[in-house]
Amino acid sequence: MSNLNVKIGLEVHVQITSLKSKLFCSCSSEYRGKPPNTNVCPTCLGLPGALPVVNIEAVKAALMVALALKCTISDVLVFSRKHYFYPDLVKNYQISQYDGIGSVAIARNGLMTINVDGKTKPIRIRRINIEEDPGKIIYPTGSLLTSKYTLIDYNRSGIPLLEIVSEPDLTNPKEARIFIDKLRSILEHIGLVNPELEGSIRVDANISLEGGSRVEVKNISSSKDVERALTYEIIRQSKALEHGEVIRRETRHWDDLKKVTISARVKELEEDYRYFPDPDLPPFKISKELIEETASKLPELPDQRVERFMKTYGLSEYLANVLVSEKGLADYFEDCVKICGEPESIGNIIVNDLKRWIDELDLSIYEAIRLFPQKDLCQLVDLLNKNVINIKILKEIIPRALKSGKSASTIVYEEGYVDISDEDVLLKIIDEVIRENPKAVGDALTNPKAINYLVGQVMRKSKGRANPELTNKLLIKRLNELSRASSNAN
Amino acid sequence: MDGLELVKLFHADPSLIYEYVIETYELIRKVEDSIKSYITLKPLDEVLKECKIVSDKIKDGFKGRLAGLLIAVKDVISTKGLLTTCGSKMLSNYIPPYDATVIERVSAEGGIIIGKTNMDEFAMGSTTENSAFFITRNPWDLSRVPGGSSGGSATAVSAYEATISLGSDTGGSVRLPASYTGTVGVKPTYGLVSRYGLISYGTSLEQVGPIVRDVSDAALILSVLSGHDPRDSTSLKVEAVDYTTFLKPIPLKKYRVAIIKECINEGVDSSVLSSFNKSIYRLENEGFEVSEVSIPIIRYALPTYYIIAMAEASSNLSRYDGIRYGYHVDVENKLWDEAYTESRSYGFGLEVKKRILLGTFVLSAGYYDQYYLKASKVRKLLYDEFSRILSHYDVVITPTAPSLPPRIGEAISDPMKLYLSDIYTATVNLIGLPAMSIPADIVNDLPVGIQLIGPRLSEGSLINIAYIHEVKSGLKNLIPTAVRPYV
Ligand SMILES: [Zn+2]
């Protein structure tokens, strides 16, 4: 694929989910799960005469991202109106920002490095915009074709979005995925985005092959799907080019069920959005003080964290990079190290096993942590150190825990990876055997030699893992209790 | 009696409010059919209920500055639960779920909204002939227009159908009808009065402004309306001022007056010019120092104004698509674009469509620099030029309009003349300065107005000057011909 001279640029739309209110009104930014059209006011419904007032927290958030991406920050904040008619857009213009004549984006000319196969690659950031999210169109049958009518829910209208646009510096789908993961990790580290919320990150990907035209694939909701959509496009376009077809400039949609891209419309010309500075929102000076204040609040960012992981924990660059690619994963690692030390083996297990299975099972890190919490990993490492289990068993246990939801210790015992030396576990089995074999129990009470039969039953039930000595001891103890109890009853 | 005096009476004896309201409705019954100020007039019994509330509050010690006064509101200002049409078929069924800030402020002072007044559709026009519903006639001469776009607000006050009215002024829409109806109209400094709830036409140009029958009431209502509103990002962070303290018959300082040469040229009717000169003499007699200045660039003001107003209008009016509110067409089996096209084709009138098209054009790629951006530059030059002049002078005085009120139908047949009627007023909106139109003369039983323009936030001085002029001219609480038989 390298000889195709692929150029990929990404537009990533990120909801700033950490904010309490919408971008231009005081409605809650938690619109998910609310009855349709209840999280609205005159401003976010675009009612005649209602006016926008900028949520300064959104500006601070944008500045933070701009600093993290090493952008040049504009000295004025100018909002522009982007005009297009669509029913999810209450004013038929979106309050956004425009980098062109008469307007300026809040930040431009940034840089983000990505780590591809151990190599660092710089990707230029063209600009960052603040803009409002439109409402949501709902087709009652789930499909545009079969629905007789359209429903619109404006609860999302006015949610603050950041649009982060890269230069077309990415050359293959994998880099695109890594770019988005890195960006998401930065946003998570800054604390602006909860990636677990559905629709909080949406990507438009521009791709062109040598000899073709720019094709935009819109509305992809995960980095993995970006990789898939771009791979699909490269195959589709290169085949078309091979057959001498012309690649038209067009917009395509990603169908995330069928995993294909579908042509939406052919673009003959650049759409004319008639941008002009929004006269409802006078330009706002971005002071040095505000930038400095924001910079002082900037937390540790992924690049710094990678370095610290290498220095403090002695991890390889590779391990550190994979761990920090997701804030949740890096946090998980540090939690484990706090509980049980052993950064190197913990790091290796997380990267080589846990992360692999998370990807394979298509889980989020947060789901994975719920299924396989930090203390479980530490327990396994402890067993490994005590030579109770070996590394092969440990590797087997992780997917079982993620698939079954059982705790690691339960799996260890149930699946017979170790002797059962736990008295409580053994007593449970012994009690079952006593209940199920009243005759043998009666024999054993009178004839101590008959106890061997019961020991055999316990061994069978535990699939041979019961510690025999302990079983014998506990069984005698139980039988003595029983005989005392029956003589008392008499 | 003006509003300021009435409120004093009502504070002393709230039962007088009923008498005042019933008398006003009686007059409305007699003149409204021929003038047609109101699109929506609240029924008397409903207003009497509101009177009861205000009068009970007064008995409990309420000292609202507008307590009991009937306020007419241009149908471009959002009133909760009360039809707000903008004079357009597009919003003929629109009832806002919220009050504009100015309505909240008026209500908090005990003002009673009597109804919503007629206007040119979406405030686009200078005659009130562009209303989608009916025309409004000038109470001084029923064959003439009252000016616009706040025509109904001007006639309601001029014909004593209300004591105070609120209009909106994008390019002269308060001052022009005030001039044509012998009333006082104020266009405040941009940002002094909240626009929250004012349905936008030319966002960067317009302000809510009052129309009243004398300068005292202008001071009264402006004191209530002005002051910072956190819901409007263009609202200035200024404290409210009590403008009634400027109602003094003597100059509070030595005023220097500038007359713009380019505004008293051959384009002005001779009767307007002689009335204008009379007013200037009056002020000179009071010790005002008057000089002539030249602002050649002012000839670019009107095209600049129209480019900016239309650009903003094309954007502001894009929200009217008939989907969420307003004129709704049957959408079944139509594409979105088809539904939009249909509702906007039928919902908007010709003048509105013309301005949307022109505004869309000047914002289009390839034309933006030539028109909108160039207009923005001229706007800045005008601002600089006026700032320079107003650093030497306290007030600039011009005629409010170059001619007497046109006859009905006359302006429609000559749109260029219609656009020119804004020539002295629109410049002021481009640069955000405060201005007011006050009666200067009555010529052949038709009123003529002059316009006072001051530096930013100089409303106090303008009121002082206007008050001196009013005392000397005696031109206040004028009674137009249509009302005379009934008073
Ligand atoms: Zn809202």
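Below, chain A is the first sequence line, B the second, and so on; all start at residue 1. As the structure is a computational prediction, the values presented were derived from the model and not from experiment.
At least one side-chain heavy atom of A:V90 sits less than 4.5 Å from a side-chain heavy atom of B:R324. No side-chain heavy atom of A:F24 sits less than 4.5 Å from a side-chain heavy atom of B:S233. With contacts defined as side-chain heavy-atom distances shorter than 4.5 Å, the pair A:L47/B:P97 qualifies. Between A:F85 and B:R319 there is no side-chain heavy-atom pair separated by less than 4.5 Å.
Side-chain N or O atoms of A:Y149 include none that pairs as donor or acceptor with a backbone N or O of B:E332 at under 3.5 Å. A distance-only check finds no donor-acceptor pair linking the side chain of A:D272 to the backbone of B:S364 [under 3.5 Å].
Residues of residues 274-287 of chain A lying within less than 4.5 angstrom of chain B, judged on heavy atoms, are A:R274, A:Y275, A:F276, A:P277, A:P279, A:D280, A:L281, A:P282 in numerical order.
Of the listed residues (A:G100, A:C41, A:P87), the greatest number of heavy-atom pairs within a distance under 4.5 Å of chain B belongs to A:P87. Among B:I199, B:V362, B:I77, the residue with the largest count of heavy-atom pairs under 4.5 Å with chain A is B:I199.
For the residue pair A:H83 / B:S315, a side-chain donor-acceptor distance below 3.5 Å is found, with atom types taken as modelled. A side-chain donor from one of A:R81 and B:N316 sits under 3.5 Å from a side-chain acceptor of the other.
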- Stepwise, does the side-chain contact (heavy atoms from CB on, under 4.5 Å) test hold for A:T43 with B:Y196? CA-CA 10 Å; A:T43 294; B:Y196 187 78; 4.2 Å; yes
- Decide side-chain contact (heavy atoms from CB on, under 4.5 Å) for A:N92 and B:Y320; before the verdict, give the C-alpha distance in whole Å, the side-chain angles of both, and the deciding distance to 0.1 Å. CA-CA 8 Å; A:N92 287 318; B:Y320 306 111; over 6 Å; no
- Candidate pair A:L51 and B:R195, rule side-chain contact (heavy atoms from CB on, under 4.5 Å), full reasoning: CA-CA 8 Å; A:L51 297 174; B:R195 287 188 303 109; 3.9 Å; yes
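For A:T150, the part sitting under 4.5 Å from any heavy atom of chain B is the side chain, from C-beta outward, and nothing else.
Distance CG/B:D321 to OH/A:Y86: 13.0 Å, rounded to 0.5 Å.
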